[in-house]
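Just so you know, ligand 1 is whichever comes first in the structure, and atom 1 is the first atom listed for that ligand. All values below were derived from every heavy atom in this structure, side-chain atoms included, with hydrogens, water molecules and symmetry-related copies excluded.
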Amino acid sequence: MTDIKKVNLLGLPPEKLIEFFESIGEKKFRATQVMKWIHQKGAESFEEMTDVSKALRAKLEGICEIRGPEVVSQEISTDGTRKWIIRTEGGNNDCVETVLIPDGNRATLCVSSQVGCSLDCSFCSTGKQGFNRNLTPAEIIGQVWIAIKSFGPMDPNGPRRVTNVVMMGMGEPLMNFEPVVDAMVLMMHDHAYGMSKRRVTLSTSGVVPKIYELVKRTDVSLAISLHAPNDALRNELVPINKKYPIAELLEACQHYLANLPDKRHITIEYTMMSGVNDNEEQAHELAILLKDLECKINLIPFNPFPNSGYEKPSNNRTRRFQKILADAGYTVTVRTTRGDDIDAACGQLVGDFQDKTRRSQKYIELREVKS
Ligand code: SAH
Ligand code: SF4
């Protein structure tokens, strides 16, 4: 007998789930029922779906499945930060990681979109590992599912275990566009996770044409990994800048904001590297560069990894940079590390688990400290 590959319903966004139900001769509302079972009650089997007829459950059992990604390890830090290593499908032992950072009433989940990354930013260890493969929608939304389920049985009326999602784990989300959009639609959908669009953030190093596509498809919040106040320096740090220089990137940001249904700002991420992009002149240059953009600036002290060639600036230097921008009228936050005892700086354990030369130590945690 040939083994028929079952459809994994975990990764299907509402429209595709409805389409699927219609294609097997079932009514639309069944898709809604099943969606709530999966994403709000954490069902892993059709048996659990007591308001679905036995006959339909048996039919679904035969042709589909609900399969989350395989968890290789889960660690919980003394400060409450949780970190998962997730093995992706495909037999290559490729892993990504997910980190949950609780902070008061908030709990922010940092989600990965690719194994590795093709964009090769000079200071990023995920970039150094090269591109391995894209995650599927089920592997992306599965990270949210796993994080919530780690607190026990899912309860749609209980406390929210994940209040915010940032696509700031491994990979460049806009280079894995459709699966990332599908997963983000689920994050925000009322019959799935129901998160506010202000609390779901996509971070990109600047894949400009995809920013124009993104606003046609969703209205998530946008973070831009800028890291430099001019093209000469950004070309060195973020090679995709050679293809899409800063002026084009900022124009895309303006277009994005202008096409959102509500008033929002862009988050500008700026990883600070000692002696590279952290001097006072560069702070002034950045202040001028961003003057027409509704934005907040998040300074990220560089998180070192072996042979990176970069160091993080002293706290004093970071504060000075922050002050110049704050004096120019910007809201500027500085990220602080969380989950040190479990190496929650992205990739550390994945590196150990796989191959030491692939260590990725991105600095993703993270409570933001207001200036
Ligand atoms: N590819 C996307 C999202 C993942 S990276 C992007 O580049 O935006 C998430 C953030 O971590 C980015 O702002 C990235 O520049 C930053 N980052 C990567 N390596 C880092 C390091 N070693 N130290 C501090 N921040 C880093
Ligand atoms: Fe890729 Fe982002 Fe790392 Fe650049 S910073 S290599 S875009 S993951």
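- Residue-level proximity to ligand 1 for Met167 is carried by the backbone, the only part with a heavy atom below 4.0 angstrom.
- Listed by atom number, the atoms of ligand 2 under 4.0 Å from Asp120 heavy atoms are 6 (S).
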Derivation and outcome, side chain to side chain contact (heavy atoms under 4.5 Å, CB included), residues Lys149 and Ile146: CA-CA 5 Å; Lys149 282 165 86 74; Ile146 282 166; 5.8 Å; no

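- Atoms of ligand 1 found under 4.0 Å from any heavy atom of Glu269, numbered from 1 in the order shown, are 10 (C), 12 (C), 13 (O).
- By the 3.5 Å distance cut-off applied to N or O atoms, Phe123 is counted among the residues near ligand 1.
- His255 and Tyr212 have tilted rings, their planes meeting at an angle from 30° to 60° on a 0 to 90° scale.
- Ranked by closest heavy atom to atom 8 (O) of ligand 1, the top entry among Cys124, Ser122, Ser225 is Ser225.
- The structure places CD of Gln282 at 8.5 Å from CE of Met272, a figure rounded to the nearest 0.5 Å.
- Annotation: Glu172 places an N or O atom under 3.5 Å from an N or O atom of ligand 1; distance criterion only.
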CA sep, side-chain torsions, deciding dist, call: Glu139, Arg133, salt bridge (Lys or Arg N to Asp or Glu O under 4.0 Å): CA-CA 12 Å; Glu139 287 167 339; Arg133 69 173 199 80; 3.0 Å; yes

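- A cation-pi arrangement is absent between Lys312 and Phe302, since the terminal nitrogen or guanidinium carbon is not both under 6.0 Å from the aromatic centre and inside a 45° cone about the axis.
- Annotation: Gly171 places an N or O atom under 3.5 Å from an N or O atom of ligand 1; distance criterion only.
- Close approach of ligand 1 to Gly169 is summarised as follows: ligand atoms under 4.0 Å from at least one heavy atom of the residue are 4 (C).
- On a distance-only criterion, Ser203 and ligand 1 share at least one N/O pair closer than 3.5 Å.
- Here the side chain of Gln143 pairs a donor or acceptor atom with the backbone of Ser112 at under 3.5 angstrom.
- None of Leu293, Val332, Leu325, Leu299 except one satisfies the side chain to side chain contact (heavy atoms under 4.5 Å, CB included) rule with Ile268; the exception is Leu293.
- Using a non-hydrogen distance threshold of 4.0 Å, Met170 does not register as a contact of ligand 1.
- Note on Cys124: not counted as a metal contact of atom 1 (Fe) of ligand 2, no N/O/S atom lying under 2.8 Å.
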Worked check of salt bridge (Lys or Arg N to Asp or Glu O under 4.0 Å) between Arg335 and Glu269: CA-CA 10 Å; Arg335 265 186 213 176; Glu269 295 164 275; 3.3 Å; yes

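- At a 4.0 Å heavy-atom cut-off, ligand 1 touches Thr271 through the side chain alone.
- Close contacts between ligand 2 and Gly127 involve ligand atoms 6 (S) [criterion: under 4.0 Å to a heavy atom].
- Residue contact check: Thr204 has heavy atoms under 4.0 Å from atoms 6 (C), 8 (O) of ligand 1.
- Residue Leu119 does not touch ligand 1, judged by heavy-atom distances below 4.0 Å.
- The structure places CD1 of Ile246 at 5.5 Å from CG of Leu289, a figure rounded to the nearest 0.5 Å.
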Test side chain to side chain contact (heavy atoms under 4.5 Å, CB included) applied to His39 and Ile141, step by step: CA-CA 9 Å; His39 298 289; Ile141 200 66; 4.3 Å; yes

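- Those atoms of ligand 2 with a heavy atom of Ser205 less than 4.0 angstrom away are 7 (S).
- Of the charged side-chain nitrogens involved, none lies within less than 4.0 Å of a carboxylate oxygen, so that Arg82 and Glu75 do not count as a salt-bridged pair.
- In this structure, Ser225 does not count as a contact residue of ligand 2, since none of its heavy atoms falls inside 4.0 Å of the ligand.
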